[in-house]
Protein chains: 2
Amino acid sequence: MNQDLQSVSPSMSAETVAEPRLLVEEVLERLRDLIVQGELAPGVKLNERVLCERLRTSRTPVREAIKFLASEGLVELLPNRGAIVTPITVTTVREMFVLLGALEALAGELACVNASDADIAEIRALHYQMLAHHARGELAPYFRCNQQIHLRLVESTGNATLANTYRALNGHVRRARYMANLSRERWDHAVEEHQKILDALIRRDGALLPALLRGHLGNKMLVVLEALGEQAD
Amino acid sequence: MNQDLQSVSPSMSAETVAEPRLLVEEVLERLRDLIVQGELAPGVKLNERVLCERLRTSRTPVREAIKFLASEGLVELLPNRGAIVTPITVTTVREMFVLLGALEALAGELACVNASDADIAEIRALHYQMLAHHARGELAPYFRCNQQIHLRLVESTGNATLANTYRALNGHVRRARYMANLSRERWDHAVEEHQKILDALIRRDGALLPALLRGHLGNKMLVVLEALGEQAD
DNA sequence: GCGGCGTATTATGCATACAAAATTCTCCTT
DNA sequence: AAGGAGAATTTTGTATGCATAATACGCCGC
């Protein structure tokens, strides 16, 4: 959904007039990172005064950013009692993965039709980069590539609304993922799935790709739910 | 996404202590209605002072509500220039319907598994009520029933995340719909589709229902795009 | 009459002030 | 010592103040 406050397009020209970014945007981005990366853990209370000191602003931008994040679902508003980081429950994780599965399946279908050859080439490059990290056992970089691939795929559909919705949901799920202690076996399996996904995309197989993606997401869900220490169904 | 600020659960007991609603909530709800119902037309500037007078508050709650709606996508923030009601373009309408189609398809699939018999009975009742309005040519009540049916279907999946995402997107689309000047022919056709949808739901036909819903949404899209005065592809 | 420049006005963004609600702490009772 | 009433403190929600960016207006030249 949110279209403005996050696309900052960090232009690299030396003479950018340094468009003075709005404070709310700054705070919003920073808060979101803190939450997604788990530094502000699920369930913790957001104390405005503390956040103000940490972010060096007054309460106004902080409060406005919190409202934004509330709509995004990353924080929950408790009337007269401020806000907390939205707790992660087995139920919501499961719900979100089901939804993400459907979104990625749609993305796969659309990508087969709408993605440019350049889009696919870029995803292919990311895929091989990811394989390298897998081979070296570099988990964090692997995850980054992985995320990039999925995001690029969704973006290659040309459907910005889809991409925005995906990003928002993905933010939530990523919070849960940092605990996902991938076994080598599962990891290898995920990589295999990615290979099939890439192949289907290159062949623009609009029937197969959605199914592969949905299955892939289903497996991701199992991993995360396992990490949450709960039986998945 | 947004889970708190809209579920107000208007308890009907005579002795509800009248929990003093937060002003932001009030403003948020009111603003959202104004936008969804088109009273604040797409593209118009949101002047804080004017809104404050209209809603009898200070700027703070208004500004916070606007941030919330920005994340929801109903308004766009223009740095240093306030906010406008998100314009409706052919592109975004098309994008949203594609997305809605996938969401409802997913909902159909899940509903066939998870919906209770009571859920289905309720949808069935709404369906017949809708038929009545159709027979009498009562367009507005027809639309209300229609909305209700789709919403109930999505809710009957038991996937709250899905339902929230659906609601947000649907809000956008509804803004475009008030212009949809349904021809009798198209109207009849839509009703036929709804009949098939209901039948498939009752039979819990998890293979057919998603396809029907997706097709139905596709047709809705055509109607709306037509009304937007633009060729759909 | 039209266009452009400089000023006046307005609107926005951020900070702060104030009131009410929630929380914490204290101290008393049992 | 545990529990609870009540005051003190903190925190939130809302209003307002102030600085700056954007806009509107008027004036002048052409």
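This one's a predicted model, so the numbers in the text were calculated from it and none came from an experiment. Within every chain, numbering begins at 1; the chains are lettered A, B, ... in the order of the sequence lines, protein sequences first and strands thereafter.
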Checklist entry - Quick one: CG on A/Leu40 to CZ on A/Arg175, what's the gap to the nearest 0.5 Å? => result 10.5 Å
Next on the checklist: Without decimals, in angstroms, what is the distance between B/Lys67 NZ and C/dT12 P?
Outcome noted: 10 Å
Checklist entry - Tell me: CD1 of B/Ile84 to P of C/dA11, nearest whole Å? => result 17 Å
Checklist entry - Does B/Glu25 pair with B/Arg32 as a salt bridge, N-O distance under 4.0 Å? => result no
Item to check | With B/Lys220, the side-chain contact (heavy atoms from CB on, under 4.5 Å) member among B/Asn146, B/Val173, B/Leu100, B/Leu225 | outcome: B/Asn146
Checklist entry - Less than 4.0 Å between a side-chain N and a carboxylate O, is that true for A/Arg21 and A/Glu29? => result yes
Checklist entry - Rounded to the nearest 0.5 Å, how far apart are CG of A/Leu153 and CG of A/Leu213? => result 6.0 Å
Next on the checklist: Between B/Thr86 and B/Gly73 (side chain of the first, backbone of the second, donor and acceptor by atom type, cut-off under 3.5 Å), is there such a pair?
Outcome noted: yes
Next on the checklist: Please report the interatomic distance OG(A/Ser156) to CG(A/Asp117), rounded to the nearest 0.5 Å.
Outcome noted: 11.5 Å
Item to check | Neighbours of DNA chain D within residues 45-57 of chain A, by heavy-atom distance under 4.0 Å | outcome: A/Lys45, A/Leu46, A/Asn47, A/Glu48, A/Arg49
Next on the checklist: Could you check whether A/Glu64 pairs with B/Arg63 (Lys NZ or Arg NE/NH1/NH2 to Asp/Glu carboxylate O, under 4.0 Å)?
Outcome noted: yes
Checklist outcome for this item: residues 148-168 of chain B vs ring pair (Phe, Tyr, Trp, His ring centres under 6.0 Å), sequence neighbours excluded, gives B/His150-B/His194, B/His150-B/His216
Could you pull out the protein-nucleic contacts involving nucleotides 18-22 of chain C (nitrogen or oxygen on both sides, under 3.5 Å)?
none

Checklist entry - Hey, is B/Arg30 close enough to B/Glu39 for a salt bridge, meaning N to O under 4.0 Å? => result no
Item to check | Side chains of B/Ser116 and B/Asp119, donor plus acceptor under 3.5 Å | outcome: yes
Next on the checklist: Taking any atom closer than 4.0 angstrom to a non-hydrogen atom of chain A, what span of DNA chain D does the protein reach, first nucleotide to last?
Outcome noted: D/dT11 to D/dT14
Next on the checklist: Under 3.5 Å, is there a donor on one side chain and an acceptor on the other for A/Asn164 and A/Arg167?
Outcome noted: yes
Checklist entry - ring pair (Phe, Tyr, Trp, His ring centres under 6.0 Å): which pairs involve residues 23-54 of chain A, sequence neighbours left out? => result none
Please write out the pairs of protein N or O atoms and N or O atoms of nucleotides 7-9 of chain C separated by less than 3.5 Å, giving the distance to one decimal.
none

